[in-house]
Amino acid sequence: MDVKLNTIRLVWVLSLAGEILNNAVSFAVFCVLDFVDFILCFVYKIIDFWIESQWKPCYCSSAKQHIIEGANILVSEECESKIVCLTSTNLQLEDISDTLYSRPSIVAQLSKFIINDLNKTKKTTVTSTFTIDSTIVEVLRGNVVPRWSDCDCKICNSWTSSSKDTLFVKAEGPKDKAREDVLFIHGFISSSVFWTETLFPNFSTTVKSTYRLLAVDILGFGRSPKPTDSLYTLREHVEMIEKSVLEAYQVKSFHIVAHSLGCILALATAVKHPGSIKSLTLLAPPYFPVPKGEPATQYIMRRIAPRRVWPVMAFGASVACWYEHISRTICLVVCKNHRLWEFITKCITRNRIRTYLLESFCCHTHNAAWHTLHNIICGTAGKLDSYLDTVCNRLKCEVTIFHGGDDEVIPVECSYNVQRRIPRAQVKVIENKDHISIVVGRQKAFAKELEKIWKRSKCD
């Protein structure tokens, strides 16, 4: 008994020591990253001006006071006023997450303190009701982010030559005699190949002959358009899915299969088309209930990006979410040179490993990834409760949730959180599988599970 008690105490002490060490190292590392991102801000401004002959905005810029007058925004900053017209995308300010421009780091807080201290003696007159980040204003005015750091290969720019403003959709199955339609929505920094290279070849002959499988590259990823003047809001993503899939393929009723960030797009689509959904299958849905009194967007950002060096996935998410210029540098190295990395991978493996995951990981721009991450994951924090309640109360379809037991990106508790809002939802935890291997590596088994879900929905 004493040995067991001592063992428990030892484990507790080691766990506490590990947590303290992780916090100490994390504080030091992220202090350095705060400073590096601060320096990179000026470095990119110089390079952007040198290459493109004009300064480009970033979210380190100060906020501008503004008021709305009809269809225009009157913007003022330091006695300078400008009129900004809203674009045809019907952009609404509530679609934009404040985490884009409100990520308080030590360097940022210190700079803000110094600036506020210097401005104490200045008399200011506030003529507007609220503020908006100057980068968003510049995007609305048409001053978009730079393109020199983006890849210019045929895959990443295939949409420009086709003159189409619709998403890339990989469709398989009968064109005229399809009895069922299935919409597949991938997750963050991925593409339709996540489905087409894994599940599509493993569906039964019956499914291939009766179901029309529609895998979409969401806006800004894969072979879909990557407009530089887009803020990649939830509204834009959903409208493009409707235009490119539901309208283009004349889909009346359909099943949805979605992974990770794609689950949010799936829920938003289901809420807009409640009578058309036959089944809803979610893989690792990123749903964190927000405690009362907490700023929703900021709370979610700290849950998915906790500024910790361990586990590794938390560190990667924190770098991607907190640091605009460091993440742009990563995109410059990885995405702009993805053909080189694919070539090196093929040489090292002697072309024995298919590189479709690497291709899907690299085929996006920093602008698309940065805005999608903040505006979809963080920006929808205050909307997901109502979406889930709508699915619970208005949709009668079967809801099934799969989650990897070893998922370090989205914890398993997220799926159970969804089940609490939708009691009829079935949660299936796949042991020893993570965020990717929940599909990749078990595609045959998962394809069969999907077929059973669709068959049950058909019988209902």
Side-chain angles (χ1 to χ4, degrees), residues 47 51 145-162 164 167-172 184-202 213 215-228 232 259-262 283 312-313 315-317 319-320 323 325-373 404 408-409 433-444 446:
I47 297 176
I51 295 179
V145 296
R147 291 297 306 274
W148 67 267
S149 56
D150 297 335
C151 180
D152 58 356
C153 74
K154 291 183 178 179
I155 293 178
C156 294
N157 289 274
S158 58
W159 59 279
T160 57
S161 59
S162 63
K164 291 183 178 180
L167 303 178
F168 173 82
V169 181
K170 177 65 175 179
E172 288 192 10
F184 292 85
I185 309 176
H186 63 80
F188 186 57
I189 55 175
S190 185
S191 73
S192 57
V193 299
F194 183 77
W195 310 111
T196 60
E197 294 288 338
T198 56
L199 296 180
F200 281 27
N202 289 290
L213 311 175
V216 62
D217 286 351
I218 66 173
L219 185 66
F221 296 84
R223 301 194 179 195
S224 284
K226 305 170 181 63
T228 56
Y232 295 88
H259 177 238
S260 191
L261 176 143
L283 285 73
V312 176
M313 296 304 296
F315 177 71
V319 171
Y323 300 110
H325 304 291
I326 293 178
S327 59
R328 182 182 173 186
T329 303
I330 294 173
C331 281
L332 174 62
V333 174
V334 176
C335 298
K336 187 177 178 65
N337 302 290
H338 68 88
R339 290 166 293 181
L340 173 62
W341 302 124
E342 291 164 15
F343 174 76
I344 292 175
T345 302
K346 290 179 179 179
C347 289
I348 293 176
T349 63
R350 296 182 181 180
N351 207 26
R352 289 178 297 192
I353 298 179
R354 302 182 71 180
T355 60
Y356 66 88
L357 286 179
L358 182 62
E359 292 172 8
S360 64
F361 179 80
C362 296
C363 290
H364 65 270
T365 63
H366 175 252
N367 181 45
W370 178 256
H371 286 93
T372 297
L373 175 62
E408 292 184 341
V409 180
K433 299 299 178 182
D434 58 26
H435 199 64
I436 301 299
S437 60
I438 190 175
V439 174
V440 179
R442 61 179 299 270
Q443 49 263 35
K444 290 184 178 180
F446 187 56

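Just so it is clear, the model here is predicted, and its values are computed rather than measured. Hydrogens, waters and symmetry mates are skipped; everything else that's a heavy atom, side chains included, is used.
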Which heavy-atom pair separates V193 from T196 by the least distance, and what is that distance? CA-OG1, 3.1 Å
In short, I218 meets L261 closest at the heavy-atom pair CD1-CD2, 4.1 Å
Interatomic distance, F194 atom CZ to H186 atom NE2 [nearest 0.5 angstrom]: 10.5 Å
With rounding to the nearest 0.5 angstrom, report the SG to CG distance, C331 to N367. 10.0 Å
Under 3.5 Å, is there a donor-acceptor pair between the side chain of W370 and the main chain of H325? no
N/O donor-acceptor pair under 3.5 Å between T372 side chain and A368 backbone: yes
Search all heavy atoms of F221 against all heavy atoms of S190 and return the closest pair with its distance. CB-O, 3.6 Å
Rounded distance (nearest 0.5 Å) linking atom CG of N337 with atom CG of L332: 7.0 Å
Heavy atoms, side chains only, cut-off 4.5 Å: are T198 and F446 in contact? no
For I330 and V319: C-alpha separation, side-chain torsions, deciding distance, then whether side chain to side chain contact (heavy atoms under 4.5 Å, CB included) applies. CA-CA 10 Å; I330 294 173; V319 171; 4.0 Å; yes
All heavy atoms of G220 vs all of S224, minimum pair found to be N-CB, 4.4 Å
Quick one: do V169 and V216 satisfy side chain to side chain contact (heavy atoms under 4.5 Å, CB included)? Show the steps, please. CA-CA 4 Å; V169 181; V216 62; 4.1 Å; yes
Under 3.5 Å: donor-acceptor pair, side chain of T365, backbone of D150: no
Would a distance-only check, ignoring hydrogens and angles, find a side-chain to backbone donor-acceptor pair under 3.5 Å from D217 to S192? yes
Measuring from H364:NE2 to F188:CZ, what's the distance to the nearest 0.5 Å? 6.5 Å
K336 atom NZ: more than 12 heavy-atom contacts under 6.0 Å: yes
Just say parallel, tilted or perpendicular for the rings of W195 and H259, cut-offs at 30° and 60°. perpendicular
Once you round to the nearest 0.5 Å, how far does CZ of F361 lie from CD of E342? 12.5 Å
How long is the gap from CG on L373 to OH on Y232, to the nearest 0.5 Å? 14.0 Å
Trace of the side chain to side chain contact (heavy atoms under 4.5 Å, CB included) decision for R339 with C151: CA-CA 9 Å; R339 290 166 293 181; C151 180; 4.3 Å; yes
Which heavy atom in K226 sits nearest to a heavy atom in C156, and how many Å separate them? NZ-O, 3.2 Å
Determine whether S149 and H366 satisfy the following criterion, side chain to side chain contact (heavy atoms under 4.5 Å, CB included), listing intermediate values before the conclusion. CA-CA 9 Å; S149 56; H366 175 252; over 6 Å; no
Looking at W148 and I47, what are the two nearest heavy atoms and their distance? CZ2-CG2, 3.4 Å
